[in-house]
Amino acid sequence: MSSQPDSAFSAGAFADATPTDRQEFTYSVVGVQKAGTSTLQWLLNQHPQVCRPPRKEMGWFDVDEQTWQGVDHASYAVPRRSPVHRAMGDATPRYLLMPRALERMREHRPGMRLIAVFRDPIDRLVSQWVMVRARQPDRAPDWPEMIAWRPADFPREIPEEMRGRGERARFLRASGVVRGYYGGQVQHGLEVFPREQWLFLDFATLIADHGTVLDTVTDHIGVDRFGTHPPLKKLMAGTDTITGTRPTAEDLLSLARTFEPELAGFGRLTGLDVAQWTTSRLLAGSLDPAEQAERYAAKAGLA
């Protein structure tokens with residue numbers, strides 16, 4: 001893939017740049033949180049043709065409009081570090097979630113290659129809850145708050161009732177369930193960027209066969225395949241000691257029914273097999289919700 005600037009940047013902050021002195025971002029891991037984005041980014045950073053970004057989550061498009069307008073657009077590149085570098089990307093898993101983030105990316109980087117990794121939405125939600133409770137046990141939302149907000153559809157704008165100062169923080173705090181509205185997120189993403197620029201992956205497959213997944217990813221971002229695949233490292237693992245309210249069987253069944261139409265749309269759009277996901281098994285009756293709730297509680301140290 002070419003590392004030359006897209007025309008949108010050439011007309012602005014990159015007007016004086018040359019292909020030899022700047023390494024621009026050429027791909028982004030845009031979702032989803034708690035689905036292996038840190039692991040995938042670490043693996044890609046081991047590739048000799050991939051330039052490491054200044055940090056994992058650049059968050060360049062994931063800000064409110066006023067802040068984003070003041071961003072130095074030239075910061076979405078770094079001085080070229082090696083002539084062998086052909087790609088660079090960050091992993092900001094909120095890009096797929098946050099209203100207007102993909103539209104901003106399209107405006108300034110229309111040729112970006114996009115990667116989204118998905119995990120069963122209930123497993124993902126529990127993992128997020130454990131993470132935030134471990135980090136801020138006195139301030140982070142407890143389980144009942146995490147599962148409370150369930151709009152009918154994936155919100156493409158911040159809801160009116162959340163608008164105003166601090167709206168982004170309110171949206172993110174309430175978004176635990178919405179982050180699992182995968183059908184709506186993928187539909188939106190495909191409306192903003194053409195399908196050929198997207199790669200959709202399953203978290204479980206990444207963990208089970210990361211070498212094969214890496215071959216698919218390197219093909220997608222336009223670099224050679226690894227000669228030897230780097231070893232898998234599970235980064236950003238959760239803790240097993242938090243305080244909070246235990247999930248119940250009723251909670252899990254209610255969440256599964258909320259996610260059911262989203263999973264159906266997600267499967268049609270991506271072609272990924274979700275039959276073995278926790279949510280699918282709960283809906284099919286092949287997984288006991290009380291036993292699964294006990295597993296979640298034990299993993300969180302609440303047994």
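Along the sequence shown, residues carry numbers from 1.
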Check: With no hydrogens and no angle check, do the side chains of Asp90 and Gln41 hold a donor and an acceptor under 3.5 Å apart?
Finding: no
Checklist line | Residues Glu107 and Arg100 bridged, charged N to O under 4.0 Å | finding: no
Note to self: Looking at every heavy atom in both Pro159 and Trp149, which two are closest together, and how far apart are they?
What the structure shows: CG-CZ2, 3.5 Å
Notebook entry, point to check: Rounded to the nearest 0.5 Å, how far apart are CG of Leu190 and CZ of Arg195?
Noted result: 5.0 Å
Next item on the list: Would you confirm whether Tyr95, through its side chain, and Trp60, through its main-chain N or O, come within 3.5 Å as a donor-acceptor pair?
Entry: yes
Next item on the list: Flag the pair Arg22 / Pro79 as yes when at least one side-chain heavy-atom distance between them is below 4.5 Å, and no otherwise.
Entry: yes
Check: Is any side-chain heavy atom of Leu252 closer than 4.5 Å to a side-chain heavy atom of Tyr296?
Finding: yes
Check: Can you hop from Leu97 to Ile158 via hydrophobic side chains spaced under 4.5 Å?
Finding: yes
Item checked: Residues that Arg257 engages under salt bridge (Lys or Arg N to Asp or Glu O under 4.0 Å), provided they are two or more places apart -> none
Checklist line | NE2-CG distance between His210 and Asp215, expressed to the nearest 0.5 angstrom | finding: 10.0 Å
Note to self: Tell me whether Glu262 contacts the main-chain N or O of Gly184 through its side chain, where contact means a donor paired with an acceptor under 3.5 Å.
What the structure shows: yes
Note to self: To the closest 0.5 Å, what do you measure between NE2 (His85) and CD (Gln49)?
What the structure shows: 9.0 Å
Check: Under 3.5 Å, is there a donor-acceptor pair linking the side chains of Gln197 and Arg113?
Finding: no
Item checked: Smallest separation among heavy atoms of Thr279 and Pro121, with atom names -> OG1-CG, 3.5 Å
Notebook entry, point to check: Between the side chain of Arg225 and the main-chain N/O of Asp219, is any donor-acceptor distance below 3.5 Å?
Noted result: no
Note to self: Within this structure, what is the CG-CG distance for the pair Leu282 and Leu287, rounded to the nearest 0.5 Å?
What the structure shows: 4.5 Å
Next item on the list: State whether a side-chain donor-acceptor pair under 3.5 Å links Arg150 with Thr258.
Entry: yes
Next item on the list: Any salt bridge (Lys or Arg N to Asp or Glu O under 4.0 Å) involving residues 286-296? Give me the pairs, sequence neighbours left out, ordered by first then second residue.
Entry: Arg246-Glu294, Glu291-Arg295
Margin query: Side chains of Gln128 and Met146, heavy atoms from C-beta outward: is any pair under 4.5 Å?
Written below: yes
Check: Within the side chain of His220, is there an N or O that forms a donor-acceptor pair under 3.5 Å with the backbone of Leu114?
Finding: yes
Item checked: Minimum-distance pair of heavy atoms, taken over all atoms of Ile115 and Tyr27 -> CD1-CD1, 4.2 Å
Next item on the list: Decide whether Lys233 and Thr39 meet the rule of one side-chain donor and one side-chain acceptor closer than 3.5 Å.
Entry: no
Notebook entry, point to check: Can you check salt bridge (charged side-chain N to carboxylate O under 4.0 Å, His left out) on Glu167 and Arg170, steps first, answer last?
Noted result: CA-CA 5 Å; Glu167 62 183 30; Arg170 285 192 294 274; 5.5 Å; no
Next item on the list: Measure the shortest side-chain to side-chain distance between Val186 and Phe154 over non-hydrogen atoms and say whether it is less than 4.5 angstrom.
Entry: no
Next item on the list: Answer with yes or no whether the side chains of Asp251 and Thr248 bring together a donor and an acceptor at under 3.5 Å.
Entry: yes
Note to self: Once salt bridge (Lys or Arg N to Asp or Glu O under 4.0 Å) is applied, what residue pairs with a partner in residues 118-131 remain, sequence neighbours excluded?
What the structure shows: none
Check: Hey, does the side chain of Thr26 reach the backbone of Met88 with a donor-acceptor pair shorter than 3.5 angstrom?
Finding: yes
Notebook entry, point to check: Can you find a pair of side-chain heavy atoms, one from Gln185 and one from Val32, that are under 4.5 Å apart?
Noted result: yes
Under 3.5 Å, which donor-acceptor pairs link side chains of residues 263-276 to any protein atom two or more places apart or in another chain?
residue	atom	partner	partner atom	Å
Thr270	OG1	Phe266	O	2.8
Thr270	OG1	Leu272	N	3.1
Asp273	OD1	Ala275	N	3.0

Next item on the list: List in chain and number order the residues that pass salt bridge (Lys or Arg N to Asp or Glu O under 4.0 Å) with Arg173, two or more places apart in sequence or in another chain; answer none if no residue qualifies.
Entry: Glu145
Item checked: Leu43 versus Pro231, closest heavy-atom pair with distance -> CD2-O, 3.5 Å
Notebook entry, point to check: Are Val177 and Leu253 connected in a single hydrophobic cluster, I mean Ile/Leu/Val/Met/Phe/Trp/Tyr linked by side-chain heavy atoms less than 4.5 Å apart?
Noted result: no
Next item on the list: Using atom types as modelled and distance alone, determine if a side-chain donor or acceptor of Arg86 lies under 3.5 Å from a backbone N or O of Ile221.
Entry: no
Item checked: Closest non-hydrogen atom pair between Gly89 and Pro53, with its separation -> O-CG, 3.3 Å
Notebook entry, point to check: For the atom pair CE (Met112) and CD (Glu24), what is the distance rounded to the nearest 0.5 Å?
Noted result: 10.0 Å
Check: Which residues satisfy the ring pair (Phe, Tyr, Trp, His ring centres under 6.0 Å) test with His47, sequence neighbours excluded?
Finding: Phe226
Next item on the list: Would you check if there is a donor-acceptor pair between the side chains of Arg179 and Gln33 at a distance under 3.5 Å?
Entry: yes
Check: Below 4.0 angstrom, N of the basic side chain to O of the carboxylate: do Asp62 and Arg94 qualify?
Finding: yes
Check: Can any side-chain N or O of Glu191 pair as donor or acceptor with the backbone N or O of His188 at less than 3.5 Å?
Finding: no
Notebook entry, point to check: Are side-chain heavy atoms of Asp202 and Trp277 found at a separation under 4.5 Å?
Noted result: yes
Notebook entry, point to check: Got Tyr76 and Phe61 here, is their nearest side-chain heavy-atom distance under 4.5 Å?
Noted result: yes
Notebook entry, point to check: Quick check: does any side chain N or O of Thr92 sit under 3.5 Å from a backbone N or O of Gly59, one acting as donor and the other as acceptor?
Noted result: yes
Notebook entry, point to check: When rounded to the nearest 0.5 angstrom, what distance separates CZ in Arg52 from CG in Asn45?
Noted result: 5.5 Å
Notebook entry, point to check: Once the angle between the rings of Phe259 and Tyr181 is folded into 0 to 90°, is it parallel (under 30°), tilted (30 to 60°) or perpendicular (over 60°)?
Noted result: perpendicular
Checklist line | Shortest non-hydrogen contact from Leu96 toward Ala116 | finding: CD2-CB, 4.2 Å
Next item on the list: Determine whether Val178 and Pro155 make a side-chain contact, defined as any pair of heavy atoms from C-beta on separated by less than 4.5 Å.
Entry: yes
Notebook entry, point to check: Is there a donor-acceptor pair closer than 3.5 Å between any side-chain N or O of Thr37 and the backbone N or O of Ala91?
Noted result: no
Next item on the list: Spell out, as yes or no, whether a donor-acceptor pair under 3.5 Å connects the side chain of Thr218 to the backbone of Leu214.
Entry: yes
